[in-house]
Amino acid sequence: MIGAIVKEKVVSALEGLFNMAFTEKDFQVNQTKPEFEGDYTVVLFSLVKSLKLSPDELGNKLGSELIKRSPELFTGFNIIKGFLNLTIAESFWLDLLKENYQKEEYGKHAPNGVKVMVEYSSPNTNKPLHLGHLRNNFLGWSIAEILKASGNEVIKSCIVNDRGIHICKSMLAWKLFSNGATPESTNQKGDHFVGDYYVKFNDAYKLEVDALVAAGQSKADAEKNAPIMQATQEMLKKWEEGDPETIQLWKMMNSWVYAGFDETYKKIGSDFNRTYYESETYLLGKDTVQDGLEKGVFFRKDDGSVWIDLTADGLDEKLVLRKDGTSVYITQDIGLAQDKYKEYGIDKSIYVIGDEQNYHMKVLKLICQKIGLPYADSIYHLSYGMVELPTGKMKSREGTVVDADDIVAEMNAIAAKHTAELGKVQDFAPEALNELYDTIGLGALKFFLLRVDPKKKMVFNPEESVDFHGFTGPFIQYTHARIKSILRKEKIDPAFEGIDSDKLFPLEKSLLVSLEQYEDIIAQAASELNPSVIAIYAFNLAKTFNSFYAEHSVMQAETESKKQLRLRIAAMTALVLSSSMKLLGIRVPERM
RNA sequence: GGUCCGGUAGCUCAGUUGGAUAGAGCAUCAGCCUUCUAAGCUGAGGGUCAUUGGUUCGAAUCCAAUCCGGAUCACCA
């Protein structure tokens, strides 16, 4: 905000001085580096040339003019090597503090009337969630919150991949190997239970393939001819024909999985306003293809299959309907994109999907544009990188996946261990302790997965990643708890009026400058669709507060005025820490 | 091979869209708990920003080429 105000002021000062038009793009305004005096800096180089002045001359003119025009905002300036460093009036920072130190909604933007759908999570019903899914869920949830905070109306959606050959694999394995076992009978979480049968299928399949290869078949033939695979194909056919027995088995196993997912979602805090099931959407989009054929968007090949030619866009030809008239992956995505519009009238659509689908999403957007979907230009693929282990990629076949439920439980256990060692909350009741472990453990995990740029792949080291010191969630939570401890002991006097007369110490000022930026940070995170912007901001704010905390006492402040000032700064810092962590889906405790 | 993404300290990552002496955390070393919570604070060491060339007042950032890593280019989803 203040950055924008400074720019505005500079533009009008320049126009007044030189009697010509300027825009905010003609120069840059940055925060002044700590080693120089001042708060915000105008970079003069880009103006020097056109105005034919030396940087010093221009700086002096501009600096004086700014102070002359806005003495209430600018109180001083200096020029160093082409940089005009401006000092902002203390009253500006103090007013900001006075107005906002207890405003819950501080930093949030007014509604902008834009409706956006965020689709995320999108699980398969044949295996439990793993670490990669967690990154997806945390990203999606956080992006939705950030968009809300920046004024958008947000609909969180989820598409469940509940049909297809892979689902039939676990169904068949259950039929063959379970002897009627259920999650209840084995005391297992439903998604893990079903996931185990998916693994059992693959084991059995591999044995059959090996046997056929040993008997002289080629690998490709063996993979096709393995009896268990053929039985699976048969089952998929039955499912598509609506065979009651198959459908019933499918429903039963899905219900197990959903029960497991619900538990995990509840634990990690994911929720959705609208859930789509692929079993209900997989036939969508065929009409659109017919339509597009007539309009010439698609074309039919001799064998009857339907394609779109994207070579002009630098891509290939892409199939949208098989020769037998059945649809493919992209077909239903086209249909679903239209349904979303019909149901909600959305202006934007964000898909949180891994970067291995960059090509697919590019094709989807192009097709939506060509068939004239109203919001097609605002389809955005929030593409995120894989989560890898120090040993390399996670591979389910090699048992190197980090299971979501396991890692959440492990983080809780570590939180419990640290908390016990520190011994600060021994008076907590057991339920309160468990809640605290949840808050800290999950906070550490979420922060770890959200603090890096989504599009980058990341390494998760089970040993090092669970650190609770430094650039972590618990560090910020701890800072919040520290502040709350002060505020429990010393109350703010809301009627106190005499704060203005005091000169701010550098760390007091730094905190206020940081707090002032919160609104801009939300806007930046929303426009970049990047929660790490928030994470980095919250960390820096907490760090500044901790330095302040070590340097200055709140309760033993030099004067009553200083005490009231610092209490307000502390309260507002706690507020913004809590608010920004909430945008990441992370709770902050009162004590820890 | 085509397309896209990435390469910054021993490790994991920032770098405000071209600005001041490239910054954090972890790890290492040295200090700080009779004073508001030490999950903290202060300081030190650690860099050919993959390489080469170009653009200009000025490049980690923009352009070109090269090297390395990854993803993708299915009538799977």
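Chain identifiers are assigned alphabetically (A, B, ...) following the order of the sequence lines, protein sequences preceding nucleic acid strands; residue numbering begins at 1 within each chain.
Relative to the side chain of Asp467(A), the nucleotides C41(B), G7(B), C26(B) differ in distance, and C26(B) lies closest. The side chain of Gln357(A) has A77(B) as its nearest neighbour among A77(B), C13(B), A14(B). Listed nucleotides C57(B), G70(B), A14(B) differ in distance to Lys457(A); the shortest reach to its side chain belongs to G70(B).
Using bins of under 30°, 30° to 60° and over 60° for the plane-to-plane angle, the ring pair Phe539(A)/Phe475(A) lands in the tilted bin. Under the 30°/60° scheme for interplanar angles, the aromatic rings of Tyr282(A) and Trp239(A) are found to be tilted.
Remark: the Thr41(A) side chain and the Thr32(A) side chain contain an N/O donor-acceptor pair separated by less than 3.5 Å.
Within 4.0 Å of Gln477(A), counting heavy atoms only, lies no atom of the nucleic acid at all. Counting non-hydrogen atoms under 4.0 angstrom, Met458(A) reaches the backbone sugars and phosphates but no base. If you check every strand for non-hydrogen atoms under 4.0 Å, Tyr478(A) touches a base. Across all strands shown, Asp303(A) has heavy atoms under 4.0 Å from base atoms, whether or not it also approaches the sugar-phosphate. Residue Arg163(A) is out of contact with every strand shown, counting any heavy-atom pair closer than 4.0 Å. When heavy atoms are screened at a 4.0 angstrom cut-off, Ser383(A) is found touching no nucleic acid atom at all.
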> If you write RNA chain B from 5' to 3' in dot-bracket form, with Watson-Crick or G-U pairs under 3.5 Å, [ ] for crossing pairs and | for pairs with another strand, what do you get?
Replying inline: (((((((..((((.....[...)))).(((((.......))))).....(((((..]....))))))))))))....
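OP1 or OP2 of C76(B) lies within a sub-4.0 Å distance of a side-chain N or O belonging to Arg322(A).
Of all heavy-atom pairs between Arg587(A) and Thr439(A), the closest is O-CG2, 3.4 Å.
Contacts between residues 480-493 of chain A and RNA chain B, counted as heavy-atom distances below 4.0 Å, involve Ala481(A), Arg482(A), Ser485(A), Ile486(A), Lys489(A). Proximity of residues 537-556 of chain A to RNA chain B (heavy atom under 4.0 angstrom from any strand atom) is restricted to Phe539(A), Lys543(A), Asn546(A), Ser547(A), Tyr549(A), Ala550(A), His552(A), Ser553(A), Val554(A), Met555(A).
Between Asp56(A) and Lys81(A) there is no salt bridge, since none of the side-chain N atoms of the basic residue sits less than 4.0 Å from a carboxylate O of the acidic one. A salt bridge is absent between Lys563(A) and Glu558(A): the closest approach of a Lys/Arg side-chain nitrogen to an acidic carboxylate oxygen does not fall below 4.0 angstrom.
For U17(B), the base adopts the syn conformation, since its glycosidic angle falls within 90 degrees of zero. An anti orientation is assigned to C13(B), its glycosidic angle lying beyond 90° of 0.
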With the criterion being N/O to N/O and under 3.5 Å, what pairs connect the protein with nucleotides 16-22 of chain B, and how long is each?
from, atom 1, to, atom 2, distance (Å)
G19(B), OP2, Gln28(A), OE1, 3.1
A20(B), OP2, Lys33(A), NZ, 3.3
A20(B), N6, Thr41(A), OG1, 2.9
A20(B), N6, Asn85(A), OD1, 3.0
A20(B), N1, Asn85(A), OD1, 3.3
U21(B), OP1, Lys81(A), NZ, 3.4

Which atom pairs, one a donor and one an acceptor, fall under 3.5 Å between side chains of residues 310-317 of chain A and the rest of the protein, sequence neighbours left out?
from, atom 1, to, atom 2, distance (Å)
Thr311(A), OG1, Asp309(A), OD1, 2.6
Thr311(A), OG1, Asp309(A), OD2, 3.4
Asp313(A), OD2, Lys370(A), NZ, 3.2
Glu317(A), OE1, Lys301(A), NZ, 3.2

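Aromatic pair Tyr518(A)/Tyr537(A): centroids less than 6.0 angstrom apart. Between Phe545(A) and Phe548(A), a ring centre-to-centre spacing shorter than 6.0 Å is recorded.
Between Lys455(A) and His166(A), the one whose closest nucleotide on RNA chain B sits nearer the 5' end is Lys455(A). Nearest-nucleotide positions on RNA chain B for His360(A) and Thr479(A) put Thr479(A) closer to the 5' end.
Here Phe45(A) pairs with Phe83(A) under the ring pair (Phe, Tyr, Trp, His ring centres under 6.0 Å) rule; sequence neighbours left out.
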